[in-house]
Amino acid sequence: MNTPIYYRPTKAVIDLQAITHNISSLQNYIGPTIQIIAVVKANAYGHGDVEVAKTAIEAGATMLAVATPDEAVHIRENFKDIDILVLGASPHTFIPFASAENIILTVFSTEWLQLAQQYTPLLNQQRLHIKVDSGMGRIGVSTKEELMELYTIINSSDDFLVDGIFTHFATADEEDSMYFDNQATLFKDFLGALPQKPRLVHVANTATALVKDPSLHYDAVRFGISMYGLLPSSYVGTKLPFPIKPAFSLQTELVHIKKMQAGQSVGYGATYTAEEDCYIGTIPIGYADGMIRKLSGQEVLVGGKRAKIVGRICMDQSMILLPEAYNVGEEVVLIGCQQQEEITIDDWAHKLQTINYEVPCVITARVPRVYK
Ligand code: PMH
């Protein structure tokens, strides 16, 4: 496939070396015997699944985790051999394909498993990871009886294999560890009930891997947010065992500059009126790119200085109050570094009253991801 050409200067630049650094640092920290599952769901948290997956595999990840069957298919089209785990609930119609393509599925209820049996015999034995709901309340078996029932049914079938067991923590990134400890204890109890330990036991997300007891690394850790160089929470930031590097930046260029006189207004609703004579720059990025209207007032970087987005953000364009006159084509950084200044994904998350996870995910597909 030819590399696509993008005419618009707006782009997300992904630093793959940062991802390599974050994975290598984690591997050093957890030691060589613990495997890394790179969580590349949601288009690798908006960073681009194929390129991130390639980087993660080269850096030592032994498995890729996705949320949906379609994400798994996309990864398999590009990587023939790597283990892929679908973390979410897969429709049963996906099972024959998963079996043929050696994609590991999550089994989370006896009901799901019973319906899955309607698709037997399968081309290859279907590997399953049992999801235990230890307190997240999302999917998973929540009683030991259901776990044992599942385990017994799977073991009595030649078409299915218990390859792994896992759970997910609801509060791993918080300082108060009471809820977390209860989940960890419950999972350990469930695991102990199995007559045989499956090949791969995994419970740790980023926060668990980085700041909790290393015994919770089990056989593998599921590395998501900090693979991308972002913190799961400010609390985890105070306890980081190694520095992480952010991979995502968002850039564009000035496409138009105008001198405005005091009293003139810009944008829909004419909500911003110049208080004094000033330069207003137009940038080709708007809410259809995921830079939603709530980001009006957010700062961007131009010429190494901070400049505010003024007026309402339009669908495809926005206006910024320039600190001085610049030429068309001047680089504008929305997320990332420029000279001595930096605007982070966390700054956007703060402005949007959300979490950093959400920010790169909602930068829409219209914004090309380019790699350095
Ligand atoms: N494992 C599972 C089952 C997950 O759902 C996630 C993240 C991870 C691992 C990785 O967590 P991390 O990014 O904190 O390392 N899932 C989600 C989610 O569903 N909403 O936000 C993050």
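Every number for a ligand or one of its atoms is a count from 1 in the order of the listing. Nothing fancy with the numbering, it's 1 onward along the sequence. Remember, it's a predicted structure, so these values are computed and weren't measured experimentally.
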> Do the rings of Phe187 and Tyr218 sit parallel, tilted or perpendicular, given the 30° and 60° boundaries?
Replying inline: perpendicular
>> Tell me the protein heavy atom at minimum distance from atom 17 (C) of ligand 1, and give that distance in Å.
In response: Lys41 NZ, 3.3 Å
> Do any N/O atoms on Ile225 end up under 3.5 angstrom from N/O atoms on ligand 1?
Replying inline: yes
>> Residue-level breakdown please: for His202 versus ligand 1, do any non-hydrogen atoms fall below 4.0 Å on the side chain, on the backbone, on both, or on neither?
In response: neither
>> Give me the nearest non-hydrogen protein atom to atom 1 (N) of ligand 1 as residue plus atom name, then the distance to 0.1 Å.
In response: Arg222 NE, 2.7 Å
> Considering only protein heavy atoms, which is closest to atom 5 (O) of ligand 1, and at what distance to one decimal place?
Replying inline: Arg138 NH2, 3.0 Å
> Going by distance alone, is a donor N or O of one side chain under 3.5 Å from an acceptor N or O of the other, for Gln353 and Lys294?
Replying inline: yes
> Who's closest to atom 10 (C) of ligand 1 heavy-atom-wise, of Phe166, Tyr45, Tyr357?
Replying inline: Tyr45
>> Asp219: which residues meet the salt bridge (Lys or Arg N to Asp or Glu O under 4.0 Å) condition with it, sequence neighbours left out?
In response: Lys197
>> If the test is side-chain contact (heavy atoms from CB on, under 4.5 Å), which one of Thr206, Asn205, Leu231 qualifies with Ile225?
In response: Thr206
> Does Gly224, backbone or side chain, put an N or O under 3.5 Å from an N or O of ligand 1?
Replying inline: yes
> So, do Val39 and Tyr45 sit near enough that their side-chain heavy atoms are less than 4.5 Å apart?
Replying inline: yes
> Looking at residues at least two apart in the chain, or sitting in another chain, which of them share a side chain to side chain contact (heavy atoms under 4.5 Å, CB included) with Glu330?
Replying inline: Leu254, Val302, Tyr326
>> Among all the protein's non-hydrogen atoms, which is closest to atom 4 (C) of ligand 1, and how far away is it?
In response: His168 CE1, 3.3 Å
>> Polar contacts were defined as any N/O atom of the residue lying under 3.5 Å from an N/O atom of the ligand; does this apply to Thr206 and ligand 1?
In response: yes
> Do the rings of Phe248 and His47 sit parallel, tilted or perpendicular, given the 30° and 60° boundaries?
Replying inline: perpendicular
> Can you tell me if Met227 has a non-hydrogen atom under 4.0 Å from ligand 1?
Replying inline: no
>> Would you say atom 20 (N) of ligand 1 makes contact with the protein, given that contact here means a non-hydrogen protein atom less than 4.0 Å away?
In response: no
> Hey, are Asp289 and Arg8 close enough for a salt bridge, meaning a charged N less than 4.0 Å from a carboxylate O?
Replying inline: yes
> Looking at atom 11 (O) of ligand 1, what's its closest protein heavy atom, distance included?
Replying inline: Asn205 CB, 3.5 Å
